[in-house]
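Heads up: the structure comes next, in structure tokens.
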Amino acid sequence: MPRTLDNIKAMGFTNMEFSNLFGKTAVELRSLLDARGMICTSYGVSYDALLTKPEAVIQEAKTLGAEFVRVAWIPHTPPFDAEMAKKTVDDFNKFGQKLKESGLTFCYHNHGFEFATLGNGTYFDYIVQNTNPDYVSFEIDILWVFHPGQDPAKLLKKYPDRFRLMHVKDLKKGVAHDLTGKTPPENDITLGTGQLNLPQILKAAKKTKIKYFYIEDENPKAAEQVPLSLGYLKGL
């Protein structure tokens with residue numbers, strides 16, 4: 001973990017989002033960040049963690065110095081259905097209220113399956129429209145909007161006040177659309193070399209309430225790709 005943080009800082013990053021504690025306590029991880037002049041602004045946890053141990057999540061997030069607590073997957077047996085969507089809305093409102101009372105903001109990170117059709121929209125529309133905007137915000141993962149066949153720029157324009165965070169990613173050319181919410185990590189590629197229209201997406205994002213943009217690259221070659229992605233973004 002210390003070496004990974006050193007490598008990340010060497011690339012020019014000091015602000016990050018964690019998806020877990022990587023085998024450390026929150027206190028230990030905060031100490032490693034502080035020693036390097038780095039910060040964690042968003043803390044990712046599981047849906048179950050917020051259901052079963054919200055106080056522990058809140059304490060960890062505060063120790064890390066995070067502003068946002070993010071969930072990136074809704075446990076379900078495919079296909080995602082109306083009953084699960086309703087439960088999700090109820091739970092998200094509860095999560096968000098609890099976190100707001102502690103000075104934190106709850107965000108849900110889309111993962112593709114939510115874009116199945118529901119009525120005249122999608123399950124994602126249902127979740128956005130039925131959660132309390134005072135309690136529930138969203139992290140848009142643009143790959144997981146595009147992969148199920150949606151347009152990230154249009155979605156940003158549709159809900160400009162609900163998105164607070166973004167995962168900036170690109171998807172390998174030739175990968176087909178589907179609603180699985182899954183694609184091999186090798187399909188995460190250097191920004192600007194894939195299928196997503198990043199200039200258009202980022203232009204739309206500038207008109208939203210997004211505060212932090214995180215490069216996410218799960219490719220085994222991420223250490224090679226991320227510096228190129230950063231260079232691409234700086235050139236826009």
Side-chain angles (χ1 to χ4, degrees), residues 17-22 42-58 60-61 66 68-100 104-152 154-156 158-159 162-167 169 171 175-188 196 214 216-218:
E17 175 183 62
F18 288 137
S19 293
N20 59 69
L21 297 176
F22 306 101
S42 176
Y43 177 42
V45 300
S46 70
Y47 194 111
D48 185 64
L50 279 174
L51 272 179
T52 61
K53 53 176 185 177
E55 296 297 344
V57 168
I58 289 168
E60 290 164 356
F68 297 91
V69 172
R70 180 264 285 154
V71 165
W73 187 263
I74 302 167
H76 67 284
T77 300
F80 194 69
D81 60 24
E83 183 178 353
M84 178 54 67
K86 185 179 184 304
K87 181 181 185 302
T88 297
V89 165
D90 292 341
D91 287 341
F92 280 5
N93 282 328
K94 292 173 185 174
F95 297 165
Q97 183 174 7
K98 181 78 172 177
L99 290 166
K100 185 175 183 179
L104 298 163
T105 299
F106 172 71
C107 281
Y108 175 65
H109 164 300
N110 61 281
H111 231 114
F113 61 86
E114 314 92 337
F115 293 98
T117 299
L118 178 66
N120 293 324
T122 67
Y123 284 100
F124 186 80
D125 289 317
Y126 176 86
I127 292 170
V128 174
Q129 293 167 12
N130 288 279
T131 46
N132 187 334
D134 290 336
Y135 299 145
V136 180
S137 295
F138 294 84
E139 176 174 60
I140 182 171
D141 185 305
I142 58 177
L143 183 151
W144 291 119
V145 173
F146 181 85
H147 189 258
Q150 303 292 314
D151 183 330
K154 287 184 178 179
L155 192 66
L156 288 163
K158 188 173 184 177
Y159 300 115
R162 300 300 298 275
F163 291 110
R164 304 296 307 283
L165 307 172
M166 177 188 282
H167 276 182
K169 307 170 72 169
L171 180 66
V175 176
H177 298 299
D178 68 46
L179 291 164
T180 62
K182 298 177 182 179
T183 189
E186 289 79 8
N187 288 338
D188 284 11
L196 277 73
Y214 304 108
E216 183 184 41
D217 188 336
E218 299 179 88

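The basis for the numbers below is simple: all heavy atoms, side chains too, and nothing from hydrogens, waters or symmetry mates.
By the side chain to side chain contact (heavy atoms under 4.5 Å, CB included) test, Lys154 pairs with Asp151, sequence neighbours left out. A search for side-chain hydrogen bond (donor to acceptor under 3.5 Å, both in side chains) contacts involving Arg162 returns Thr131, not counting sequence neighbours. Take Glu60 and apply the side chain to side chain contact (heavy atoms under 4.5 Å, CB included) test, not counting sequence neighbours, and it matches Leu21, Ala26, Tyr43. Shown here are the side chain to side chain contact (heavy atoms under 4.5 Å, CB included) partners of Lys94, two or more places apart in sequence or in another chain: there are none. Among residues two or more places apart in sequence or in another chain, the side chain to side chain contact (heavy atoms under 4.5 Å, CB included) test is passed with Leu118 by Tyr123, Tyr126. In this structure, Glu83 has no salt bridge (Lys or Arg N to Asp or Glu O under 4.0 Å) partners at least two apart in sequence or on a different chain.
Gln129 CD to Thr122 OG1: the interatomic distance, rounded to the nearest 0.5 Å, is 8.0 Å. From Leu99, atom CG reaches atom CZ of Phe95 across 9.0 Å, with rounding to the nearest 0.5 Å. To the nearest 0.5 Å, atoms CD (Glu218) and OG1 (Thr183) are separated by 10.5 Å. Remark: Phe92 CZ to Leu50 CG distance equals 9.0 Å, nearest 0.5 Å. Expressed to the nearest 0.5 Å, how far CG of Asn130 lies from CG of Asn93 amounts to 9.0 Å. In this structure, the separation between CZ on Phe146 and CZ on Phe115 is 13.0 Å, given to the nearest 0.5 Å.
Minimum interatomic distance between Arg164 and Cys107 (heavy atoms only, all atoms of both residues): CB-SG, 4.1 Å. The heavy-atom pair separating Glu216 from Asp188 by the smallest distance is O-OD2, 4.3 Å. Listed here is the closest heavy atom pair of Ser42 and Leu165: OG-CD1, 3.7 Å. The two atoms that bring Leu156 and Met166 nearest to each other are CD1-CE, 4.0 Å, heavy atoms only. Of all the heavy atoms in Arg70 and His109, the pair that sits closest is CD-CB, 3.6 Å. Heavy atoms only, all atoms of each residue included: Gly112 and Leu179 are closest at O-CD2, 3.7 Å.
Counting heavy atoms from C-beta outward, Asp125 and Lys158 have side chains that approach closer than 4.5 Å. Counting heavy atoms from C-beta on, the side chains of Asp217 and Lys169 never come closer than 4.5 Å. Looking only at side-chain heavy atoms (C-beta outward), His76 and Asp81 stay at 4.5 Å or farther from each other. Under the 4.5 Å side-chain criterion, counting only non-hydrogen atoms from C-beta, Gln150 is not in contact with Leu155. For the pair Ile74/Ile127, a side-chain contact is recorded, criterion being any heavy-atom separation below 4.5 Å from C-beta on. The shortest side-chain heavy-atom distance between His167 and Leu143 does not fall under the 4.5 Å cut-off. Using a 4.5 Å heavy-atom threshold, the side chains of Tyr159 and Phe138 count as separate. Proximity of Ile58 to Lys98: side-chain heavy atoms (C-beta onward) are separated by under 4.5 Å at one or more points.
A donor-acceptor contact closer than 3.5 angstrom is absent between the side chains of Thr88 and Asp91. Defined by atom type and a distance below 3.5 Å, a donor-acceptor pair is present between the side-chain atoms of Tyr108 and Glu114.
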* **Check against side-chain contact (heavy atoms from CB on, under 4.5 Å), Phe106 and Val71** => CA-CA 8 Å; Phe106 172 71; Val71 165; 3.8 Å; yes
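Proximity of a side-chain donor or acceptor of Asn187 to a complementary backbone N or O of Leu171 within less than 3.5 Å is not detected.
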